[in-house]
Q: 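First, the structure itself, so that you have it in front of you.
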Amino acid sequence: MDFEGRTSIVTGGARGIGRGIALELAHRGSNVVIADMDEESARVVVAEIKAGGTQSYYCETDVTQQWSTDAMVEVALEEFGQLDVLVNNAGVGGAAGFKTREIPDVDDWQATFDVNVYGIVNGTQSVENYMVDRGYGKVVNIASIAGRSGRSAFPSYAASKAAAINVSQAWAFKLAPHGINVNAVCPGLIWTPLWQNIAEWRQATNDQNTGLTPRQIFQRTVSELVPLGREQTPEDVGKAVAFLASDRARSITGQALNVDGGIQMN
Ligand SMILES: NC(=O)c1ccc[n+]([C@@H]2O[C@H](COP(=O)([O-])OP(=O)(O)OC[C@H]3O[C@@H](n4cnc5c(N)ncnc54)[C@H](O)[C@@H]3O)[C@@H](O)[C@H]2O)c1
């Protein structure tokens, strides 16, 4: 129970990978604030965590707004009295309706950078003064293997994730003298609503996918790309985040850890 008595915030924790991270941290003893815009799903995760024996709280949060992430941190401190871990997980593949476009439009570029990059910056800026005063804190940012190199398909998403890795390194440098670790995790292929949207986009834009369901397109991608031969899960990402957020990783900062079955070996 390496998180007993600790408090974590997970942005985008209402479903998918964020839910997996929140449940793993709770399983290891942490109280968890679910910071999301999807109240209905978030309340289900809050109930799951409470049923497991730790405390949880839903905080309506839009990570694209600094005032909102400031409020998120205030709420966590009011509810639980301390804050140890921030997981900046909220992310989007594009703007609403991106799966119908062959190439990203200006709204997709804006949305991916607003949520996937500024969301991390806002969350970290909201928490850093508190963590610096305390001389302790762990920040884990969810990037993607898509951020490891340029992509011709949906370059807006890939570029935002490259920026997420770079921003993690910037804050790792900045906060290292204060005993704060900042790392990134790069998930591979995980069947969540986000990947379902990508599969639907591939179904609509690539003739090779005619006749395949989105789930079949995803499974074919897994079998083509993953050396370990299996899709990754929210629990897989949760375990990696829990390690980086724990004191077992106290000498690790500024790293980006691939959780991708070996797709990307760097
Ligand atoms: N699914 C994958 O295969 C995969 C792979 C690599 C990286 N990722 C990254 O993992 C993270 C989680 O992805 P997922 O697949 O679980 O996605 P998802 O779409 O299932 O869940 C994203 C969550 O973020 C929340 N969210 C979106 N915008 C927000 C905002 N402005 N403020 C607060 N919350 C917001 C949503 O309400 C949702 O609960 C994202 O950063 C994503 O880019 C996913």
Side-chain angles (χ1 to χ4, degrees), residues 9-23 33-46 58-69 71-72 86-96 98-99 108 110-123 126 140-148 151 154 156-165 167-168 184-200 202 214-215 217-219 221-222 225-226 231-238 240-241 256-261 263-264:
I9 295 177
V10 181
T11 72
R15 69 179 194 205
I17 292 173
R19 172 177 169 273
I21 295 166
L23 292 179
V33 174
I34 305 295
D36 205 297
M37 300 191 304
D38 178 354
E39 174 165 3
E40 200 182 329
S41 307
R43 294 221 178 269
V44 175
V45 180
V46 166
Y58 167 61
C59 180
E60 183 176 359
T61 308
D62 177 358
V63 298
T64 68
Q65 305 296 321
Q66 185 79 70
W67 63 264
S68 185
T69 55
M72 163 188 93
L86 170 65
V87 184
N88 289 308
N89 161 79
V92 294
F98 84 88
K99 62 189 178 190
D108 297 315
Q110 191 69 53
T112 46
F113 275 75
D114 279 351
V115 182
N116 303 351
V117 186
Y118 298 137
I120 290 176
V121 172
N122 288 335
S126 294
V140 183
N141 300 324
I142 304 306
S144 169
I145 55 164
R148 293 296 198 178
R151 302 260 167 135
F154 263 82
S156 44
Y157 179 75
S160 75
K161 291 301 185 177
I165 294 170
V167 156
S168 305
V185 169
C186 297
L189 301 172
I190 297 155
W191 186 245
T192 64
L194 188 142
W195 226 103
Q196 192 166 343
N197 280 331
I198 294 170
E200 286 171 12
R202 290 188 178 175
R215 176 69 191 167
I217 293 169
F218 173 78
Q219 282 167 324
T221 310
V222 169
L225 295 183
V226 185
E231 66 196 81
Q232 294 83 63
T233 65
E235 293 73 25
D236 292 335
V237 180
V241 169
L257 177 62
N258 300 326
V259 180
D260 66 349
I263 298 173
Q264 192 77 41

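In each ligand, atom 1 is the first atom listed, and ligand 1 is the first ligand listed. Bear in mind the structure is a predicted one, so any value in this text is a computation, not a measurement.
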Q: When you measure from the side chain of T61 to the backbone N and O of C59, does any donor-acceptor pair fall under 3.5 Å?
A: yes

Q: Which residue owns the protein heavy atom closest to atom 8 (N) of ligand 1, what's the atom, and how far is it?
A: Y157 OH, 3.6 Å

Q: For S160 and T112, which I'm curious about, is there any donor-acceptor pair between the side chains at under 3.5 Å?
A: no

Q: Of V63, N89, I190, which has the heavy atom at the shortest distance from atom 41 (O) of ligand 1?
A: N89

Q: Show the atoms of ligand 1 that are less than 4.0 angstrom away from any heavy atom in G188.
A: 3 (O), 5 (C), 6 (C)

Q: Name the option, out of D36, I34, T192, that contains the heavy atom nearest to atom 15 (O) of ligand 1.
A: T192

Q: Looking only at protein heavy atoms, identify the closest one to atom 35 (C) of ligand 1 and say how far it is in Å.
A: A90 CB, 3.7 Å

Q: Taking heavy atoms and a distance under 4.0 Å, where does W191 meet ligand 1: side chain, backbone, both or neither?
A: neither

Q: Below 3.5 angstrom, do we get any N/O pair linking K161 and ligand 1?
A: yes

Q: In Å and rounded to the nearest 0.5 Å, what is the OG1 to CH2 distance from T221 to W191?
A: 9.5 Å

Q: Please report the interatomic distance CZ(R215) to CD(Q196), rounded to the nearest 0.5 Å.
A: 9.5 Å

Q: May I ask you to list the atoms of ligand 1 that are less than 4.0 angstrom from any heavy atom of G16?
A: 16 (O)

Q: Suppose I only count heavy atoms of I142 and a 4.0 Å limit; which atoms of ligand 1 are within that range?
A: 9 (C), 10 (O), 11 (C), 41 (O)

Q: Consider every N or O of I145 and every N or O of ligand 1, then say whether any pair is closer than 3.5 Å.
A: no

Q: First locate atom CG of D62, then atom CG of D36, and finally report the distance between them rounded to the nearest 0.5 Å.
A: 10.0 Å

Q: Look at the rings of F154 and F98 and say which category their plane angle falls in: under 30° parallel, 30 to 60° tilted, over 60° perpendicular.
A: perpendicular

Q: Quick one: which of V259, I190, V10, L194 gives a side chain to side chain contact (heavy atoms under 4.5 Å, CB included) with I17?
A: I190

Q: Tell me, which protein residue and heavy-atom name are nearest atom 22 (C) of ligand 1, and how many Å apart are they?
A: G91 O, 3.9 Å

Q: Any heavy atom of T11 closer to ligand 1 than 4.0 angstrom?
A: no

Q: How long is the span from the CD atom in E60 to the CG atom in D38, to the nearest 0.5 Å?
A: 10.5 Å

Q: Could you report the tightest heavy-atom contact between A90 and T11, atom names first, then the distance?
A: N-OG1, 3.0 Å

Q: So, 4.0 Å and heavy atoms of A143: is ligand 1 close enough to count as a contact?
A: yes

Q: With nothing but distance in play, are any N or O atoms of G13 less than 3.5 Å from an N or O of ligand 1?
A: no

Q: Identify the closest protein heavy atom to atom 17 (O) of ligand 1: which residue and atom is it, and at what distance?
A: L194 CB, 3.4 Å

Q: Are any of the N/O atoms in R15 less than 3.5 Å from those in ligand 1?
A: yes

Q: Between atom CD of E200 and atom NZ of K99, what is the distance when rounded to the nearest 0.5 Å?
A: 4.0 Å

Q: Which ligand 1 atoms, with their elements, are less than 4.0 angstrom from a heavy-atom of T61?
A: 32 (N), 33 (C)

Q: Inspect the surroundings of OH in Y118 and state if more than 12 heavy atoms from other residues, nucleotides or ligands are less than 6.0 Å away.
A: no

Q: Less than 3.5 Å between some nitrogen or oxygen of I17 and one of ligand 1, yes or no?
A: yes

Q: N/O of S144 under 3.5 Å from N/O of ligand 1, yes or no?
A: no

Q: Of all the atoms in ligand 1, which lie at a distance below 4.0 Å from a heavy atom belonging to P193?
A: 20 (O)

Q: Which atoms of ligand 1 are found less than 4.0 Å from any heavy atom of P187?
A: 5 (C), 6 (C), 7 (C)

Q: Say whether P234 and ligand 1 are in contact under the criterion: heavy-atom distance to a ligand atom below 4.0 Å.
A: no

Q: Looking at V167, I120, N122, which hits side chain to side chain contact (heavy atoms under 4.5 Å, CB included) with N88?
A: I120

Q: Output the distance between atom CG (N258) and atom CD (Q232), rounded to the nearest 0.5 Å.
A: 10.0 Å

Q: How about D108 and S156: does a side-chain donor come under 3.5 Å of a side-chain acceptor?
A: no

Q: Which residue and atom name correspond to the protein heavy atom nearest atom 31 (N) of ligand 1, and how close is it?
A: D62 OD1, 3.0 Å

Q: In the protein, which heavy atom is nearest to atom 29 (C) of ligand 1, and how far is it?
A: M37 CE, 3.8 Å

Q: Any side-chain to backbone donor/acceptor pair from N116 onto V92? Under 3.5 Å, distance only.
A: yes

Q: Please identify which atoms of ligand 1 are closer than 4.0 Å to at least one heavy atom of G12.
A: 23 (C), 24 (O), 25 (C), 39 (O)

